Participant: 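Pasting in a structure now, in structure tokens, and then I'll have a few things to ask.
This one's a predicted model, so the numbers in the text were calculated from it and none came from an experiment.
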Amino acid sequence: ALVLEALERVGLPDPQRIMDSYPHQLSGGQLQRALIALAILPGPRLLVADEPTSALDVTVQKQILDLLDDLRRELGIGVLLITHDLAIAASRADEVVVLQEGTIQEAGPTRAVFAAPRSAYTRALQADVPGLNPGRFATVRAERDERHPLTGADGQVEVRGVSRTFRARGREVRALADVSFTVPRGRTHALVGESGSGKSTAARVLLGLETVDAGAVSVGGRGVDPADAAGLRDVRRHLQIVHQNPFTSLDPRFTVGRIVREPLDLYRVGARAEREERAAWALDAVRLPESLRGRRPGALSGGQRQRVAIARALALRPDVLVLDEPTSALDVTVQASILEVLATLQRDLGLTYLFVSHDLGVVQQFADTLTVLRRGEVVESGTVADVFATPREEYTRTLIASIPARADVVAADAHGAEVRA
């Protein structure tokens, strides 16, 4: 009875079903609420929230943080919020302690720390938060536009009227419904939406990993058809993916050099010496030190592993990269460095990106155009500038409003006792 009461208190519908479910049967937001229920069950005076929203989409993130605020008020408990996201700290904390390598860089009321940070480290962290610095890559993108101007026939990726329905346990789940978008050559198109919106399915369709019920997909004018093995192999020569989690996407048995060279070996590109040279070029392109190239993934940090994943995708010198949440598992500083690498590579090589993300702060900073998906349907699409400035649909407005931003720092002081965490 106490467990059911706790599950109900954290806002989980049908708590009996939740209690009887296994973790893999629940969404990320439901799992996080279940963890919070477990934490409050003994009636603690202090709740330690260690990166409670880093793996969640932006709207679920807001719901979880609001829940923590509500529980703090209702139960009279303190919250110690551990986070790499300074925008969240700015909007949710009464006081902030900034740590670097185990040493306090500065501490004090949130308003004072964020309005006038004293340490260089805090200022650097602020500069790395997408929601606080939407124009961070404006200069690099302007240089890219000058080097690679668009023409009328520059649709590198074409997705037209794609629908996909899954059937399981006697019921149908519509993953995509008449989805269309175009990615211009040398530009970045984002797919955004909450968990279950169809983003990942659309990416898998583009990669030829999913069949479609209707519609067509092409990359560089070549059709993507999972039934055509030879044609699909040829398409993938020009189309590569960078996965979400660098801790699971790399083979732990291989050295960095072998991981990056593997696609070249599979496609039998040139002699071994040429493959080694191209692998070295790819690792140089992502700024990975030569001293790390003989190591295995287990000896690398998360940011270093993601650089290896990008280098592996670059080794074949493809035209298109599918970036599937490439920074969501990384802290804000490492995230900024990876995005800088990607922006620079696009400027220098004219790469085309399909950027799948639930982080609208990153999308605003990094993408040119976007498609907003909800339950497999296109809610709206257009340039990032237009959609963020004048979103037409309420769903899009809700997503944008969920981004912690600079305004939250000012609001923290204005609201006084209403500051939430």
Participant: Between D228 and R233, is there a salt bridge with N-O shorter than 4.0 Å?
Facilitator: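 No.
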
Participant: Answer yes or no: is there a donor N or O on one side and an acceptor on the other, between the side chain of R174 and the main chain of R164, under 3.5 Å?
Facilitator: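 Side chain of R174 to backbone of R164, a donor-acceptor pair under 3.5 Å: no, none is there.
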
Participant: Check this for me, if you would: do K199 and D324 make a salt bridge, where the nitrogen-to-carboxylate-oxygen distance has to be below 4.0 angstrom?
Facilitator: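 Looking at D324 together with K199, the answer is no, because their closest N to O distance does not fall below 4.0 Å.
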
Participant: Do Q346 and L321 touch side chain to side chain, with heavy atoms closer than 4.5 Å?
Facilitator: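 Contact flag for Q346/L321 side chains = no.
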
Participant: Hey, could you give me the CG/CG distance between L207 and L239, rounded to the nearest 0.5 Å?
Facilitator: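 One finds 5.0 Å between CG of L207 and CG of L239.
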
Participant: Quick one: CZ on R92 to CZ on R72, what's the gap to the nearest 0.5 Å?
Facilitator: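 Result: 10.0 Å between the selected atoms.
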
Participant: Indicate yes or no for a side-chain donor-acceptor contact from R261 to the backbone of A279 under 3.5 Å, with no hydrogens or angles considered.
Facilitator: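 Not a single qualifying donor-acceptor pair exists.
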
Participant: Do side-chain atoms of S180 reach the backbone of G161 as a donor and acceptor pair under 3.5 angstrom?
Facilitator: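 Confirmed, S180 side chain pairs with G161 backbone.
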
Participant: Where the side chain of T369 meets the backbone of G382, is there a donor-acceptor pair that is under 3.5 Å apart?
Facilitator: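 Between the backbone of G382 and the side chain of T369 there is no qualifying donor-acceptor contact (under 3.5 Å).
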
Participant: If you compare all heavy atoms of T396 against all heavy atoms of V372, which two are closest, and at what distance to 0.1 Å?
Facilitator: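 Closest approach of T396 to V372: OG1-CG1, 4.0 Å.
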
Participant: Can you confirm whether E393 is buried at CD, in the sense that more than 12 heavy atoms of other residues, nucleotides or ligands lie under 6.0 Å from that atom?
Facilitator: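 More than 12 heavy atoms, drawn from other residues, nucleotides or ligands, come within 6.0 Å of this atom.
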
Participant: State plainly whether the residues R293 and D284 are in salt-bridge range, i.e. N to O under 4.0 Å.
Facilitator: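 Result for this pair is yes, salt bridge flagged.
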
Participant: Does some side-chain heavy atom of R236 sit less than 4.5 Å from a side-chain heavy atom of Y267?
Facilitator: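 They are in contact (side-chain heavy atoms under 4.5 Å apart), so the answer is yes.
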
Participant: Mark yes or no for whether Q306, through its side chain, and H243, through its backbone, hold a donor-acceptor pair below 3.5 Å.
Facilitator: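 At least one qualifying donor-acceptor pair exists.
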
Participant: Go through the steps to decide whether V242 and Y353 satisfy the test side chain to side chain contact (heavy atoms under 4.5 Å, CB included), and finish with yes or no.
Facilitator: CA-CA 10 Å; V242 178; Y353 295 149; over 6 Å; no

Participant: I'd like to check L35 versus L31 (side-chain heavy atoms, cut-off strictly below 4.5 Å). Are they in contact?
Facilitator: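 The answer is no, as the side chains (C-beta and beyond) never meet within the 4.5 Å cut-off.
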
Participant: Is there a donor-acceptor contact under 3.5 Å from the side chain of S163 to the main chain of D178?
Facilitator: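 Side chain of S163 to backbone of D178, a donor-acceptor pair under 3.5 Å: yes, one is there.
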
Participant: Locate the shortest heavy-atom distance separating L288 from V308; write the atom from each residue and the value.
Facilitator: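 The answer is CD2-CG2, 3.6 Å.
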
Participant: So H238 and R222, do their side chains get closer than 4.5 Å, heavy atoms only?
Facilitator: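 Touching, per the 4.5 Å side-chain cut-off.
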
Participant: In this structure, are over 12 heavy atoms from other groups packed under 6.0 Å from R167 atom CZ?
Facilitator: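 More than 12 within 6.0 Å, yes.
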
Participant: Please answer whether the main-chain N or O of P117 pairs with a side-chain N or O of R123 as donor and acceptor at a distance below 3.5 Å.
Facilitator: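 Such a contact is found between R123 side chain and P117 backbone.
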
Participant: Kindly compute the distance separating CZ (R204) from CD1 (I241), expressed to the nearest 0.5 Å.
Facilitator: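 Interatomic distance, R204 CZ to I241 CD1, rounded to 0.5 Å: 8.5 Å.
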
Participant: Can you measure from CG (L68) to CG (L47) and round to the nearest 0.5 angstrom?
Facilitator: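 Those atoms lie 6.0 Å apart.
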
Participant: Decide yes or no on side chain to side chain contact (heavy atoms under 4.5 Å, CB included) for T188 and L323, but give the supporting numbers first.
Facilitator: CA-CA 10 Å; T188 301; L323 305 170; 5.9 Å; no

Participant: Is D319 paired with R185 through a side-chain N to carboxylate O contact shorter than 4.0 Å?
Facilitator: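 Salt bridge flag = no for D319 with R185.
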
Participant: Of all heavy-atom pairs between R296 and P252, which one has the smallest distance, and what is that distance?
Facilitator: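 Smallest heavy-atom distance, with atoms named: CD-O, 3.5 Å.
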
Participant: If I compare all heavy atoms of A311 with all of L283, which pair ends up nearest, and what's the gap?
Facilitator: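 Reported closest heavy-atom pair: CB-CD2, 3.9 Å.
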
Participant: Is the closest side-chain heavy-atom distance between L99 and I104 below 4.5 Å?
Facilitator: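 Yes, side chains in contact.
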
Participant: Quick test of your reading of the model: are E262 and R258 salt-bridged, counting only N-O distances below 4.0 Å?
Facilitator: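 No, no charged N to carboxylate O under 4.0 Å.
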
Participant: Could you check whether any side-chain heavy atom of E51 comes within less than 4.5 Å of a side-chain heavy atom of T83, counting everything from C-beta outward?
Facilitator: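 They are in contact (side-chain heavy atoms under 4.5 Å apart), so the answer is yes.
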
Participant: Assess whether atom CZ of R237 is packed by more than 12 heavy atoms of other residues, nucleotides or ligands within 6.0 Å.
Facilitator: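 Yes, because the 6.0 Å sphere around CZ of R237 holds more than 12 heavy atoms from other groups.
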
Participant: Measure the CG-CD1 distance between L67 and I40 for me, rounded to the nearest 0.5 Å.
Facilitator: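 So the gap between those two atoms works out to 7.5 Å.
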
Participant: Would one find more than 12 heavy atoms of other residues, nucleotides or ligands at under 6.0 Å from atom CD of E8?
Facilitator: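 Counting other residues, nucleotides and ligands, CD of E8 stays at 12 neighbours or fewer.
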
Participant: Taking only Lys NZ, Arg NE, NH1 and NH2, and the carboxylate oxygens of Asp or Glu, determine whether D368 and R141 approach each other closer than 4.0 Å.
Facilitator: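 Here D368 pairs with R141 in a salt bridge, since their nearest N and O are under 4.0 Å apart.
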
Participant: Search all heavy atoms of P297 against all heavy atoms of I259 and return the closest pair with its distance.
Facilitator: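 Heavy atoms only, the tightest pair is CG-CD1, 3.6 Å.
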
Participant: What's the separation between atom OG in S337 and atom CZ in R307, rounded to the nearest 0.5 Å?
Facilitator: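 Here the interatomic distance stands at 4.5 Å.
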
Participant: Is P15 close to M19 at the side-chain level, that is, under 4.5 Å between some pair of heavy atoms?
Facilitator: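 A side-chain contact under 4.5 Å is absent here.
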
Participant: Closer than 3.5 angstrom, by distance alone: can the side chain of E95 be matched with the main-chain N or O of A107 as a donor-acceptor pair?
Facilitator: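 Checked: no pair found.
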
Participant: Test Q16 against D14 for side chain to side chain contact (heavy atoms under 4.5 Å, CB included), laying out the working first.
Facilitator: CA-CA 6 Å; Q16 184 66 54; D14 194 358; 4.1 Å; yes

Participant: Using the rule given for side chain to side chain contact (heavy atoms under 4.5 Å, CB included), can you reason through T344 versus R347, listing the C-alpha separation, both sets of side-chain angles and the distance that settles it, and then say yes or no?
Facilitator: CA-CA 5 Å; T344 302; R347 178 197 66 190; 3.3 Å; yes

Participant: Of all the heavy-atom pairs spanning W281 and L314, show the shortest one and how long it is.
Facilitator: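 Minimum heavy-atom contact is CZ3-O, 3.6 Å.
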
Participant: With a 4.5 Å limit on heavy-atom distance, are the side chains of R187 and D145 in contact?
Facilitator: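 Counting from C-beta outward, R187 and D145 do come under 4.5 Å.
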
Participant: Does T165 reach the main-chain N or O of E172 with its side chain, forming a donor-acceptor pair under 3.5 Å?
Facilitator: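 Between the backbone of E172 and the side chain of T165 there is no qualifying donor-acceptor contact (under 3.5 Å).
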
Participant: May I ask you to check whether over 12 heavy atoms, not counting those of E394, lie within 6.0 Å of atom CD?
Facilitator: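 More than 12 within 6.0 Å, yes.
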
Participant: Under 3.5 Å, is there a donor-acceptor pair between the side chain of E106 and the main chain of S119?
Facilitator: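 It does hold such a pair.
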
Participant: For the pair H189 and F181, name the ring-plane relationship: parallel under 30°, tilted 30 to 60°, perpendicular over 60°.
Facilitator: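 Correct class here is parallel.
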
